[in-house]
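Below: the structure, in structure tokens.
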Amino acid sequence: DAKTTQPTSMDCAEGRAANLPCNHSTISGNEYVYWYRQIHSQGPQYIIHGLKNNETNEMASLIITEDRKSSTLILPHATLRDTAVYYCIVLSGGYQKVTFGTGTKLQVIP
Amino acid sequence: GAGVSQSPRYKVAKRGQDVALRCDPISGHVSLFWYQQALGQGPEFLTYFQNEAQLDKSGLPSDRFFAERPEGSVSTLKIQRTQQEDSAVYLCAMRTGNTGELFFGEGSRLTVL
């Protein structure tokens, strides 16, 4: 699976959009981009995934660049409860283990 | 994660003791994963079951770690002769279908003294 690179930490003001970047320059054509988050003392939570089109659900939006070498997870109106570690993961189809890196620690500031 | 129940939530063991951690999965989910998460790190893959078959145990750190899922439902992760470096949160996860969408339990925090 392709490796991903994320900033170690980010701050975001409450109510503003949080934009979390991820680089995956070695992604191959059949690999999806997945995002998870982990709130303190809880298990990771699936957020969203995409292949090449932008995706949106009730939690977030995922913007994938045309060359697919990077993506951005957008939380449109960050709240204090969005403070968490966010993991960007690249996976191909079929069985495989989901491999987490160290993620981005997002701190939402009041 | 709703539907994935892990027990105990907290376990303190003396070095050298054996421990068993239990995962009660979402009914009907075929795939089950165990992960280990050390403090400040991301979760690390340990092992994977499809029904009762353990198809991948490449992440188990030593032969002191053993996982089973005899009836394809409840799974137990056993650690023999615990060491201090085994202190971590152990997470169980289920997968829907053949995607990368996993549902995690809240984990069992093991502290080895």
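Because the structure is a prediction, the values reported are computed rather than measured.
For B/Leu91, the part lying near chain A is the side chain, with the backbone staying farther off; criterion is any non-hydrogen pair under 4.5 Å. The part of B/Ser58 that comes within reach of chain A is its side chain, from C-beta onward, which places non-hydrogen atoms under 4.5 angstrom from that chain.
Connectivity analysis of hydrophobic side chains (ILVMFWY, heavy atoms under 4.5 Å, direct or indirect) links A/Ile39 to nothing; its cluster partners are none.
A salt bridge does not link A/Arg68 with A/Glu31: every distance from a Lys NZ or Arg NE/NH1/NH2 to an Asp or Glu carboxylate oxygen is 4.0 Å or more.
Among residues two or more places apart in sequence or in another chain, the side chain to side chain contact (heavy atoms under 4.5 Å, CB included) test is passed with A/Thr65 by A/Asp67, A/Ser70. Evaluation of the side-chain hydrogen bond (donor to acceptor under 3.5 Å, both in side chains) rule for B/Lys57 yields no partner, not counting sequence neighbours.
A side chain to side chain donor-acceptor pair (under 3.5 Å) with B/Tyr90 is found for exactly one of B/Lys11, B/Gln6, B/Gln37, B/Gln36, namely B/Gln36.
Residues B/Val74 and B/Val30 do not share a hydrophobic cluster, clusters being chains of Ile/Leu/Val/Met/Phe/Trp/Tyr side chains in contact below 4.5 Å.
In this structure, A/Leu80 places its CG atom where more than 12 heavy-atom neighbours from other residues, nucleotides or ligands lie under 6.0 Å away.
When the heavy atoms of residues 103-110 of chain A are compared with those of chain B, none of the residues falls under 4.5 Å.
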